[in-house]
Amino acid sequence: MSTQVHANLTAEQVRTISEDLGEPEWLLETRLEALEALETLDMPKVIRTPGRDWTNLDALEYERIVDPLDRSQEKDRVEAEGVDVLEWSEALAEHGDLIEEKFGSVVDPQRNYLTALSTALFSAGTVIYVPEGVDAEDVKIRTRMNSQSLFNYTLVIAEESSSVTILERQSNGDDVEGKQYYSGVVEVDAGENAHVQYGALQNLSEETYNFSVKRGHADTYATVDWIEGNIGSRLTKTSVETRLLGDSSESQIVGAFFGHNDQHFDLNSRVWHEAEHTVADLVTRGVLDDKARSVYEGVQDVGREAWDTSSYQRENTLMLSDESEADASPKLIINNHDTEASHSATVGQVDQQDLFYMTSRGVDEERAKNMLVEGFFVPVLEEVAVDELREDMDDMIVQRLTT
Amino acid sequence: MSSEDLKDTDTEARFEFKKEEKSAFETEKGLTEETVRLISEDKDEPEWMLERRLRALQQWQEMPMPTDWPGQPDLSEVDIDEIVPYIRPDIETRGGAESWEDLPEEIQDTFDKLGIPEAEKNALSGVGAQYESEIVYQNMQERWEEKGVIFCDMDKAVQEHEEIVKEHFMTKCVPPSDNKFAALHGAIWSGGSFVYVPEDTTVNMPVQAYFRMNSEGMGQFEHTLIIAEENSEVHYIEGCSAPKYSAFNLHSGGVEVFVGENAHVQYSTVQNWSKNTYNLNTKRAIVEADGTMEWVSGSMGSKATMLYPATILKGPGATDNHITIAFAGEGQNIDTGAKVYHNAPDTKSTIESKSISKDGGRTNYRGLVHISDGAEDSKTNVECDALMFDNESTSDTMPYMEIQENKVDVAHEATVGKIGDEDVFYLQSRGLDDDDAKQMIVAGFIEPITEELPIEYAVELNRLIELEMEGSLG
């Protein structure tokens, strides 16, 4: 895999980044180890169907796109009362020990080539620390990348009986031309009885390659909910994952995507039930137009000791064009019989009868189709408890339909 | 076609002949070209068949073992160098057991528990009871013959229906290059059934290979070739429901089905291989316009099964229906499913898959639905239900859907659950004991399969499941 490492991607650059953020020695070490590991690590696994790899990550020329010291970005952070929403340098100064304890405990920095690259090079990011018992709403982070490549790292630590809603948005500034690379790692550590809802809305330019891993650990009675909206990017490879480690923990993963032109989405959702009485619900809806492709894999993994598990998954894809392609693979891995689990997936087109009904009522065909597509997302949008995120997502869908 | 062609009058002579030949095979080690040539020579095959075998052998040698499928059964015990000893008993089977008493006790026991009459037991277990079943076979044969239907064993088909076999045998449907075990099969296949149904002909009773298979002492590499011409209809039943008593433990069969325009083929099988068998089979059908293929299968036995019957819907309006049930008990890993390729417009498919896992057994539904660009107005519906008895067991569902066409209707649904405590309680409160209650629930669970099978198979499947549930099957 070493072919991907650029000659000028050096330890020196990593030291510079680390110094700028005022990092302690352990984090620099972690970064340098990750850099070194690039030599041996593989690309993340892509979804395969018999005889076919759907996403070719090797074809991406990281060495030409990634420019470690060009990390220009704009970031808005909206704090909520009682919560620390900090950039990395601040966070390390204020919560150094806690970060040392939690960093990389949820997402292994050397999980694969791309996470290691993120760990070595991240310069942007946020630490959200929610102290015990604090209820916080509407933490908002907006990142606009103005550079060729940007590595963003979000660490969420929610202590016992706290709750927080986080909304993170990614888009591009206007200044950069040509291919760009955005990489985001999100770690969520939800303590006992904590409730974390993390929503992401990705609207990157269609020349941007986007790689993200979002993963949460849920302790006893904790809830980790994810909302994953993908509208932009040339190629998105994303994994949203929860390990239900404590008894009675829960997770919901809600996804929506809308691909057009030549966009390619490789989307993974995964939940591990590793304790008793855990509940998971995975819901994803997507629309494909033009030559867009989507590959979806959702896995519900019920462990041997996961007694009294409830696990549900639904995935629906709507295809608007004959040239689009969709692949769906909802998987169940069940090792405990005391389980109620189901999954379903559908692929279809706009219902011709509905269309006929609407046009016969005087709605022109274009508008009728748009309304039906908008309506298709409703069951997913309804699951989005954060009003602002839901409205933004809806706006983006409408915008895509009308342009 | 004369009636003489259809009669297998010299079974006994051939039987003796094979017995004499077997020593030639015993000296072989490893799977070599020489072995393949010996098989072909032994069967007095035409040159083209030998060439196909040798080409398949080469492909077998070149292809890697499947090892990296997510969650696939462990095949590390399948030792390539031990393959030849598997062939040897194939030839030997006929002489393997002289009498009922020679059979392993667990097999005798199973037949006793199934409540199968003595004569049939002998036939099913392959204990030289060909004559009982031959009568049944020949009675049916006369009826078919009048209609121009051919039903004979595959080795004989190569001799007597050479042109048609040459055209269809491992060419368009299951080429040896399909997978490693299809290649192995192509090299050393032996025995099996050949079914040919002419145009506009309906064979209105099931064609059963159940008896004949055993009377012929079918090997573990049997080939089945079914050709149903335009507007014809046939229901073929493969009876490997008899637990094989052989010591060897690899079964790698091949099934090829050609469904002509507007023809209808149903292929039913209840497999109950012994628990030391690796069942690595390849089954495929090609369906022309408006034709229908139906697969009905129950997978009970084997140590590990990897089997995904496939249908290629080649002509517009073609239909495929899969109904499968898998039961995995202690030490078993049943990895099975269905593959459907929608390659023409207006094609339809349904897959209904049920699995039961118990006592540490492992079942997996691994399926593929592929809709090609241009296969507009295609419809597919996949339903998988898994029933689990305990947390030692595993049940996985791994469907893949590849959709390259937008005017389609694709749906997949799967559920997993434990056996309902409330249901058990309800039945117990009506006076059934715990075991009976569970059996009744399982019988209800698999009913969609049993109702597709002729009654004697349905009864046997139910009885097999009962025995599995009691844990008393050998």
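Hydrogens, waters and symmetry mates are skipped; everything else that's a heavy atom, side chains included, is used. Numbers restart at 1 for each chain; the letters A, B, ... are given by sequence-line order, proteins then strands.
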Ring pair (Phe, Tyr, Trp, His ring centres under 6.0 Å) partners for W307(A), two or more places apart
H337(A)
Using distance alone, with no hydrogens and no angle criterion, decide if Y400(B) and K331(A) have a side-chain donor and acceptor under 3.5 Å apart.
yes
Taking P399(B)'s backbone N and O only, do any of them form a donor-acceptor pair with S329(A)'s side chain (distance below 3.5 Å, no angle check)?
yes
K314(B), NZ atom: more than 12 neighbouring heavy atoms under 6.0 Å
no
Chain A interface, residue from A411(B), A414(B), G417(B) that has the most non-hydrogen pairs under 4.5 Å:
A414(B)
Would you give the length of the straight line joining atom CD of E323(A) to atom CD of Q404(B), rounded to the nearest 0.5 angstrom?
12.0 Å
Within residues 364-381 of chain A, contacts to chain B at heavy-atom distances under 4.5 Å involve none
Heavy-atom cut-off 4.5 Å, strictly under: side chain, backbone, both or neither for L288(A) against chain B?
neither
For H343(A) and T397(B): C-alpha separation, side-chain torsions, deciding distance, then whether side chain to side chain contact (heavy atoms under 4.5 Å, CB included) applies.
CA-CA 9 Å; H343(A) 71 212; T397(B) 311; 3.7 Å; yes
Between atom CG of N391(B) and atom CG of D338(A), what is the distance when rounded to the nearest 0.5 Å?
8.5 Å
I403(B) side chain near E325(A) side chain, heavy-atom distance below 4.5 Å:
no
Are there residues of residues 254-269 of chain A that reach to under 4.5 Å of chain B by heavy atoms, and which ones?
none
Name the residue from N336(A), I334(A), I333(A) that meets the side chain to side chain contact (heavy atoms under 4.5 Å, CB included) definition with V416(B).
I334(A)
Separation between OG1 (T394(B)) and CG (L332(A)), nearest 0.5 Å, reads 12.5 Å
With rounding to the nearest 0.5 angstrom, report the CG to CZ distance, N335(A) to R362(B).
6.5 Å
I need the contact set between residues 344-355 of chain A and chain B: heavy-atom distance under 4.5 Å, sorted by residue number.
S344(A), A345(A), T346(A), V347(A), G348(A), Q349(A)
Tell me which of these, A306(A), G303(A), S311(A), S321(A), has more heavy-atom pairs under 4.5 Å with chain B than the rest.
S321(A)
Is it true that atom NZ of K172(B) has more than 12 heavy atoms of other residues, nucleotides or ligands lying nearer than 6.0 Å?
yes
